Amino acid sequence: MSDAEEKDTTEQAEFRVYCREWLKENHPGTPPVLIPQGALELSDPDALAWLQNWQKSAYNADLVGCDYSVECGGGGKTNCQTIANQEMQRAKTPFMLNIIGLGMAAPTVYFHGQDEIKKDLLPKLLSGEDIWCQGFSEPGAGSDLANQQTFAEKKGNSWVINGHKVWTSLAHFANWMILLCRTDKSDKYNGLSYFVVPIQTAIGNGVTVRPLIKMTGETGFNEVIFEDLVVEDKYRLDEVGAGWKVAMTTLAHERGAGLLTTPSSGGMVTQQEKGANIGVATSLIDLAKNSYRNGSIASEDPVIRDAIMQLVIRQEGFRQNQRRIGVKALNDHPMRVPLQFKLVATEIGQDIAQLAYEIEGAGASLYVNDENAPAGGEWPLAYMNSFGITIAAGANEVQRNILGERVLNMPKSK
Amino acid sequence: MSQPKNFGFGEDETMLRDSAKKFFTDNCSPDKIHRLVAGDPDIHRSIESHWDQHLWKQITELGWTAACVPEAAGGIGMPVVAAVAIAEEAGKVAFPSPLLATFNATFLLRECNSDNATKALEDIATGMASTLAITNKKGSWEAQDTDVFFTNGKLNGTAYFVQDAGKAEQFVVSVKSEEGLGLYIVKATDEGISITQDGIIDLTRDQAHIEFSNVTGVLVADHGKGAQAIEKARPAILCILSADMCGAGEWLLQTTTEYACTRVQFDHPLGFFQAVKHPLVNVMIDIDRAKSLTYNAACAIDNEPEQAEKLARMAKSAASDMAVYSASRAVQFHGGIGFTWECFVHLFFKRQMHNHILFGDGKYQRSKLAALMMDDAA
C-alpha cells in the first residue's frame with residue numbers, strides 16, 4: 001500500500017479499486033497519431049479527436065468530474081478526483097485535452113454561475129464534447145490583468161462585446177470561452193465583469209480567431225477579436241462589477257490552489273519512441289549516461305552530476321511540499337505552500353529542460369525536424385515551451401509579488 | 001516499506017513540538033541569548049563556552065533527551081521526527097546547549113546493539129549531555145576515518161571537530177584497530193583525556209579537539225562493526241542538523257521580513273521594492289523545500305530505512321544551501337545595522353554557517369547522492 005492509500009476514506013478506497021479495475025480494462029493504449037507534449041500545443045484535428053474520445057470514455061466511467069454534483073453532470077462524490085488522478089497517473093493514461101475547461105472554467109462556473117447555466121454547460125465541458133478556452137490576456141493586459149480594455153456594453157437584456165484577446169490557447173477548437181472584460185471605465189478593479197461566451201457559433205458573426213505562431217514554430221494559441229458580439233445576460237457570472245473576484249477563483253485553480261482538484265494530466269509519456277521524459281528530473285540521469293558532451297560522456301562530468309542532483313532534490317522537495325500541505329500541524333500559514341505551486345513547478349520544469357539541453361552538448365543544436373536530433377529534439381523544444389508556463393497564469397515575477405504580499409505581508413509593490 | 005502520509009507526525013509529536021516552542025518562547029528571547037553568548041566581541045577574545053545549565057536541567061526534566069531513547073533503555077522510544085521537531089524549534093532561537101549533540105549521540109548508540117550502549121543510552125535518558133567524537137583532523141565525514149587508535153589495549157590519538165565538547169559528560173569515540181573501526185564511550189572525567197577548546201565563529205555552541213592518551217574507554221560497538229553503525233545513524237544526524245537550519249532559516253526570514261516592512265527608504269518600506277521582496281520569497285521557498293525534505297527523510301528512517309540515506313542527503317543538501325542563502329540575505333537586507341555586532345542577525349548567521357559545513361555541505365551531499373543514484377544501476 002502506498003502512503004496515499006493509507007488514509008483513504010471508505011468512499012475513496014472503494015473508488016480507488018473501481019478506478020484501477022476500469023483502467024485495466026479501458027486504457028486507450030498507444031495513440032495512432034502523434035500527440036504533443038501538452039494540450040496547449042494541440043493543432044492536429046486527428047489528435048484532437050483521439051484525445052476527445054479518451055476524455056469522453058473517462059468521463060462516462062466517472063473518472064472525470066467525480067466531485068461535481070450530479071445535477072451538473074458530475075459524480076456527486078467527495079474528494080475522489082484526487083484518487084482518479086493518482087490511478088490515471090499510475091496507469092499512464094494520456095492527458096485531458098480540455099485542460100482549461102476542467103482546470104479553470106468548470107470550477108469558476110460551478111462557484112459563480114446561475115443554476116441553469118451550470119446544468120446546461122458543465123456536463124459537456126466535463127465530457128470534453130465542448131472545448132473551452134480562456135479570454136483573459138490582452139495586448140495591454142498581461143501581468144497587469146486588471147488593465148482590461150475589451151468592453152461589454154449593456155443593451156436591453158444582452159451585452160455587446162468589442163475587444164482583442166491574445167495568447168488564447170485552444171481557441172481554434174473551442175466552443176466556449178471564459179471572458180474577463182470591462183463594463184465600467186471609471187474603476188480599474190470594480191469595473192470588470194465575467195462572462196461565458198459561445199465563440200465557435202459566433203465565428204464570422206462577431207468573433208474572429210487567428211492563430212499565433214510560437215517561437216517553437218508550433219501553433220496552438222491564437223488571438224481572438226470581438227466586433228459587436230452579442231451575448232445574453234444569463235451568461236454573466238456573478239454580479240456586474242464582480243469580475244475581478246470571479247477571476248480570482250479561476251486563477252486560484254489555475255495555480256493549483258483552488259478548492260476543486262483538476263482532473264488528471266495523465267502519466268503517459270507522449271513521445272515514447274524518442275524517449276524524452278519531459279519534466280522528470282531523474283530522467284536526466286539516463287540522458288546523461290547516453291549523451292556525449294564536449295566529447296565525453298556527460299554523466300561523468302562532476303558539474304553535470306551536481307546540477308542533475310540539484311534538480312532531483314528540488315523536484316523531490318516539491319513532491320514532499322504537496323504531501324506536507326495535507327498535514328495541518330506542519331503548516332503555520334495555510335496558503336504559504338499552496339501559493340508556491342505554480343512558481344516552483346514551472347521553474348523546476350524549465351530548469352530541467354535547460355539542463356537537458358546542456359547535457360546533450362553539441363547534439364542539442366539539432367531540432368525536431370532533424371532525424372539525428374538526440375531524443376527527437378524534444379528537449380530544446382521543451383525548453384522553449386517552458387517559457388509559456390513561466391509567463392502564463394501571472395508571470396512568475398507576479399507570483400513572487402503575490403507570495404511576498406499575501407504570505408509574508410510585505411507592502412504591495414503597486 | 002512505506003511512509004505514513006503525515007510524516008509520522010502524530011499527536012504526541014505535535015504536543016512535544018508545541019511544548020518545545022512554548023519553552024523557547026518563554027526562556028530564549030534573542031535579546032537574552034545575545035546577552036548570554038555575545039558579551040565579548042573582541043576578535044581575540046578568550047575561548048569560552050556560554051550556556052545556561054539551568055535551562056538544560058529543565059529540558060532533561062521535561063524528558064527531551066529521553067524522547068528518542070528506546071523504551072528498553074528507559075526512554076520514550078519516539079520516532080526520529082520527534083527529535084527533528086525539537087531541533088527545528090531550537091534552531092529558531094539559536095539555542096546554546098548540548099541538545100543536538102546529545103540527539104546525535106543517541107542515534108549512534110541506538111545502532112550499536114550492545115549492553116554497554118544500552119547503559120550509555122540510559123544515562124542519556126536521565127539527562128547526560130553527550131556528543132560524537134568521530135571526525136579526524138582532515139575533517140573527513142567518512143565513517144572509517146579517525147585519528148584515534150587502539151594500541152596496547154588503550155585509546156590513543158586525537159578526535160577533532162567535537163561539537164559541544166565543553167558541555168558533554170560523555171563522548172562516543174570512533175577508534176581504529178587492525179580489526180576495523182570500533183566505538184567507545186569515554187567520560188569527560190576519564191583519566192588521560194585532554195580537551196582543548198577551538199576558537200570558533202559560531203557563538204551558540206562550542207567545539208573542541210580531544211586528545212586521548214592511554215584512555216581505557218567502554219566498548220559499545222566491536223571493532224569491525226563501528227563504521228556500519230555510523231553509516232546507519234548518519235541519516236538521523238543529517239536530519240537533526242537540517243532541522244536546526246530550517247528553524248534558524250525561519251527566524252532569519254521572519255525577522256528580515258519584519259525589518260523590510262518597517263525600515264523606510266526612498267519613501268517606501270524596503271519590502272515594497274522587488275529587489276528585496278523577491279529574494280525573501282526565494283528564501284521562503286528554499287526553507288519550505290528543506291523542511292519537507294527533512295520531515296520526509298526523518299520519517300523514512302523509521303518507516304522506509306532503505307531510502308533513508310538518499311533522502312537524508314537530499315534534505316541536508318537543501319538545508320545547507322538554504323542556510324547560507326537565508327543568512328546572507330538577512331545581513332544584506334538589514335543594511336548597515338545588519339553588519340554590526342549589536343544586531344541579533346549575526347548569531348543566526350554564524351550558526352547557519354557552522355551547521356551547513358557540519359557532516360558535509362550541499363555540494364558534498366550531492367556528490368554522495370549522485371554516486372547513489374547514478375552509479376549503482378550502471
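Every heavy atom of this structure was used, including side-chain atoms; hydrogens, water molecules and symmetry mates were not. Remember, predicted model here, so these are calculated numbers, not experimental data.
Between A:Arg305 and B:Asp375 there is a salt bridge, since a side-chain N of the basic residue sits under 4.0 Å from a carboxylate O of the acidic one.
The local environment of NZ in A:Lys188 is crowded, with over 12 non-hydrogen atoms from other residues, nucleotides or ligands closer than 6.0 Å. The environment of A:Glu11 atom CD is dense: over 12 non-hydrogen atoms of other residues, nucleotides or ligands sit within 6.0 angstrom. Other residues, nucleotides and ligands contribute more than 12 heavy atoms inside 6.0 Å of the CE atom of A:Met248.
Here the CD-CG distance, from A:Gln320 to B:Leu293, works out to 6.5 Å after rounding to the nearest 0.5 Å. To the nearest 0.5 Å, atom CE of residue B:Met374 and atom OG of residue A:Ser299 are 5.0 Å apart. Atoms NZ and CD1, from B:Lys316 and A:Ile313 in turn, are 11.5 Å apart once rounded to the nearest 0.5 Å.
The side-chain hydrogen bond (donor to acceptor under 3.5 Å, both in side chains) search around B:Glu250 returns A:Arg336, B:Gln254, not counting sequence neighbours.
Closest of all the heavy-atom pairs between B:Arg289 and A:Gly317 is CG-CA, 3.9 Å. For A:Met410 against B:Ala260, the heavy-atom pair with the smallest separation is SD-CB, 4.2 Å. Residues B:Met373 and A:Thr282 share a closest heavy-atom pair of CE-CG2, 4.1 Å. Between A:Asp306 and B:Arg366 the shortest heavy-atom distance is OD1-NE, 2.8 Å. The shortest non-hydrogen separation linking A:Arg324 to B:Phe7 is CA-CE1, 3.6 Å. Between A:Asn321 and B:Asp288, the shortest heavy-atom distance links the atoms OD1-O, 3.0 Å.
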**Message:** As a quick check of understanding, evaluate side-chain contact (heavy atoms from CB on, under 4.5 Å) for B:Arg17 and A:Leu330, giving each step before the final call.
**Reply:** CA-CA 10 Å; B:Arg17 192 265 318 264; A:Leu330 299 177; 4.2 Å; yes

**Message:** side-chain contact (heavy atoms from CB on, under 4.5 Å) for B:Lys277 and A:Ser413? Distances and angles first, verdict last.
**Reply:** CA-CA 9 Å; B:Lys277 179 183 285 175; A:Ser413 292; 2.6 Å; yes

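Counted by atom type alone, A:Arg400 and B:Asn282 present one or more donor-acceptor pairs between their side chains at under 3.5 Å.
In terms of non-hydrogen atom pairs under 4.5 Å with chain A, the most contact-rich of B:Asp321, B:Asn296, B:Asn6, B:Thr257 is B:Asn296. Between chain A and the options B:Val276, B:Leu280, B:Thr14, heavy-atom pairs under 4.5 Å are most frequent for B:Leu280. Counting heavy-atom pairs closer than 4.5 Å to chain A, the top residue among B:Cys261, B:Ala290, B:Ser292 is B:Ser292. Among B:Gln365, B:Arg313, B:Glu258, B:Lys291, the residue with the largest count of heavy-atom pairs under 4.5 Å with chain A is B:Lys291.
With B:Lys5 contributing its side chain and A:Val327 its backbone, the two residues share no donor-acceptor pair below 3.5 Å.
Using a 4.5 Å heavy-atom threshold, the side chains of A:Met309 and B:Ser317 count as separate. At least one side-chain heavy atom of B:Met314 sits less than 4.5 Å from a side-chain heavy atom of A:Val312. The side-chain heavy atoms of A:Pro302 and B:Ser367, taken from C-beta on, include no pair separated by under 4.5 Å.
Of all residues spanning residues 401-409 of chain A, those with a heavy atom less than 4.5 Å away from chain B's heavy atoms are A:Asn401, A:Leu403, A:Gly404, A:Glu405, A:Val407, A:Leu408, A:Asn409, arranged by number. Of residues 262-273 of chain B, those residues lying under 4.5 Å from chain A by any heavy-atom pair are B:Pro269, B:Gly271, B:Phe272. Residues of residues 77-91 of chain B lying under 4.5 angstrom from chain A, judged on non-hydrogen atoms, do not exist here.
Contacts between A:Arg314 and chain B at a heavy-atom distance below 4.5 Å involve backbone atoms as well as side-chain atoms. Interface remark: A:Gln322 contributes no atoms to any contact with chain B (heavy atom separation under 4.5 Å). Contacts of A:Glu316 with chain B are made by both backbone and side-chain atoms, with heavy-atom separations under 4.5 Å. Proximity to chain A is limited to the side chain of B:Tyr295, based on heavy atoms less than 4.5 angstrom apart. Contact of A:Gln399 with chain B is not made at all, since no heavy-atom distance falls under 4.5 Å.
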